[in-house]
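Basis for what follows: all heavy atoms, side chains included, without hydrogens, waters or symmetry-related copies.
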2 protein chains.
Amino acid sequence: MNRPDAAEECAERTRVRDREATRQRILDSARELFTTEGYERVSSRLIAARAGVNVALINRYFGAKRGLLAEVIAEEAVFPGMFDGDPGTLPRRLAEYMVDQVLREPSPLRRALEQSRADPDLQAVYQERLRDAILEPMARHIGGPDARARASVAVGVVLGLGVLRRVEGATALRDSDRAALVARLESVFVDCLRE
Amino acid sequence: MNRPDAAEECAERTRVRDREATRQRILDSARELFTTEGYERVSSRLIAARAGVNVALINRYFGAKRGLLAEVIAEEAVFPGMFDGDPGTLPRRLAEYMVDQVLREPSPLRRALEQSRADPDLQAVYQERLRDAILEPMARHIGGPDARARASVAVGVVLGLGVLRRVEGATALRDSDRAALVARLESVFVDCLRE
DNA sequence: CTTGACAAGTCAACACTGTTTACTTATACC
DNA sequence: GGTATAAGTAAACAGTGTTGACTTGTCAAG
């Protein structure tokens with residue numbers, strides 16, 4: 001049916017049986033769909049169809065649909081380069097990062113991932129990511145006493161503004177003066193992080 | 001089968017056909033299950049079974065499952081009495097509220113509802129609730145220029161600490177000194193809200 | 001070159017979800 | 001007392017994630 005001629009299948013020969021290539025196809029399809037549609041809106045069958053593979057391969061290669069999301073999350077960078085510079089300028093850099101994330105549309109993947117936090121099975125994935133990629137690096141970066149507690153408050157602000165932007169749109173913040181908002185957030189982060 | 005005798009059914013007579021009572025039974029069952037299990041973990045059929053009614057009645061009375069959650073959310077108070085007192089003491093009261101919400105286990109319903117934010121169809125419900133029950137009251141309460149923007153930042157902090165507590169457990173914050181944490185958050189909220 | 005083993009890929013089913021439609025039945029009013 | 005109307009029911013629909021048995025391509029050893 002879909003193979004009208006055995007000789008014609010050379011046109012399909014670009015896709016030989018290749019575990020790694022197939023895995024990557026699925027992963028690419030998932031990332032694209034999660035990005036544009038969000039985790040819960042995308043079905044396994046759609047991901048598989050878009051990747052041109054069989055549905056069962058998702059579970060074969062990733063255990064389950066959530067394994068796909070876990071992998072997509074794992075390969076996404078958070079706060080790129082934020083914890084490298086001078087710790088004294090971290091509040092300012094955080095403030096600018098937040099404003100530029102709040103004011104402009106957030107990255108589609110970030111948006112999709114934030115929409116996918118409810119899946120109970122994903123809780124562990126998010127927890128690990130939050131701790132290892134954000135909380136701990138920030139705590140190490142600022143140093144001093146109670147570094148983790150101080151970092152936690154700052155991270156709380158970051159997360160909260162993200163939620164506000166997603167749920168309510170953060171319209172009031174997007175309409176306000178950028179410099180004033182950066183200054184306000186900077187002093188907020190200073191309070192969060194000071195010893 | 002479940003009616004072995006027509007005369008015996010008088011034992012079941014406590015439940016006559018009563019629209020309002022049935023509606024309430026479903027609502028109670030849903031609130032209890034959403035509270036203990038979370039929205040997505042609870043199926044319509046389970047809610048109906050627990051309420052002792054037919055599944056189809058959920059859609060008859062609430063349109064859809066999400067209508068049930070919307071109603072549960074609507075009847076739940078948020079920030080009780082927070083926007084009544086002196087606006088000058090709002091940062092302190094917010095800080096204490098957050099610490100006592102972060103340190104102790106949050107109300108099960110609040111926890112369940114926070115876990116249910118991913119459902120795309122619920123977005124509008126949460127948005128309306130956030131604006132009408134939190135953002136606008138707080139903006140009115142603090143007054144002054146850019147009240148909505150200032151309130152938005154404070155609400156962002158509130159939301160973020162909730163997310164942090166739910167995802168990561170906010171262990172570092174729960175282990176830190178209560179008075180110090182209240183003081184830190186108070187100054188954070190002062191920064192958020194000051195003109 | 002042929003054969004066999006193993007991995008890659010497929011298919012159909014399972015158990016579940018929320019929702020709808022057509023149906024039955026109890027209640028209250030004329 | 002009969003009947004319209006609402007309350008309640010049963011069964012199906014279309015969809016989900018997931019699984020196990022199956023087929024088939026690939027590659028190495030005989």
Please write out the pairs of protein N or O atoms and N or O atoms of nucleotides 3-5 of chain D separated by less than 3.5 Å, giving the distance to one decimal.
none

Using side-chain hydrogen bond (donor to acceptor under 3.5 Å, both in side chains) as the criterion, list what pairs up with [X], not counting sequence neighbours.
{"X": "A:R50", "value": "A:E32"}
{"X": "B:R131", "value": "none"}
{"X": "A:R178", "value": "A:D100"}

Original post:
Are more than 12 heavy atoms from other residues, nucleotides or ligands located less than 6.0 Å from atom CD of A:E128?
Top reply: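 No - once you tally the heavy atoms of other residues, nucleotides and ligands closer than 6.0 Å, there are 12 at most.
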In whole angstrom, give the distance that lies between atom [atom1] of [X] and atom [atom2] of [N].
{"X": "B:F62", "N": "D:dG8", "atom1": "CZ", "atom2": "C1'", "result": "15 Å"}
{"X": "A:I26", "N": "C:dA8", "atom1": "CD1", "atom2": "P", "result": "12 Å"}
{"X": "B:L57", "N": "D:dA6", "atom1": "CG", "atom2": "P", "result": "15 Å"}
{"X": "A:D18", "N": "D:dT26", "atom1": "CG", "atom2": "P", "result": "11 Å"}
{"X": "B:L33", "N": "C:dT17", "atom1": "CG", "atom2": "P", "result": "12 Å"}

Subject >> Terminal helix-axis angle for the helix from C:dC1-D:dG30 to C:dC30-D:dG1, with five pairs defining each axis and rounding to 10 degrees >> reply: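 Result, rounded to 10 degrees: 20°.
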When you measure from the side chain of [X] to the backbone of [Y], do you find a donor-acceptor pair of N or O atoms at a distance under 3.5 Å?
{"X": "B:R150", "Y": "B:A139", "value": "no"}
{"X": "B:R93", "Y": "B:M82", "value": "yes"}
{"X": "A:Y61", "Y": "A:L68", "value": "no"}
{"X": "B:S43", "Y": "B:L46", "value": "yes"}
{"X": "B:D146", "Y": "B:A149", "value": "no"}

Original post:
Base, backbone or nothing for each nucleotide of nucleotides 16-21 of chain D, written B, S, -, heavy atoms under 4.0 angstrom, 5' to 3'?
Top reply: BBBBB-
Subject >> Pair A:R23-A:E20, salt bridge (charged side-chain N to carboxylate O under 4.0 Å, His left out): steps then yes or no >> reply: CA-CA 5 Å; A:R23 232 190 88 101; A:E20 221 43 55; 3.8 Å; yes
Original post:
Under 4.5 Å between side-chain heavy atoms, hopping through other hydrophobics if needed: is there a path connecting B:L94 to B:V190?
Top reply: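 Hydrophobic grouping puts B:L94 apart from B:V190.
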Original post:
Is there a side-chain polar atom (N or O) of A:R17 under 4.0 Å from OP1 or OP2 of D:dG25?
Top reply: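 The answer is no; no side-chain N or O of A:R17 sits under 4.0 Å from OP1 or OP2.
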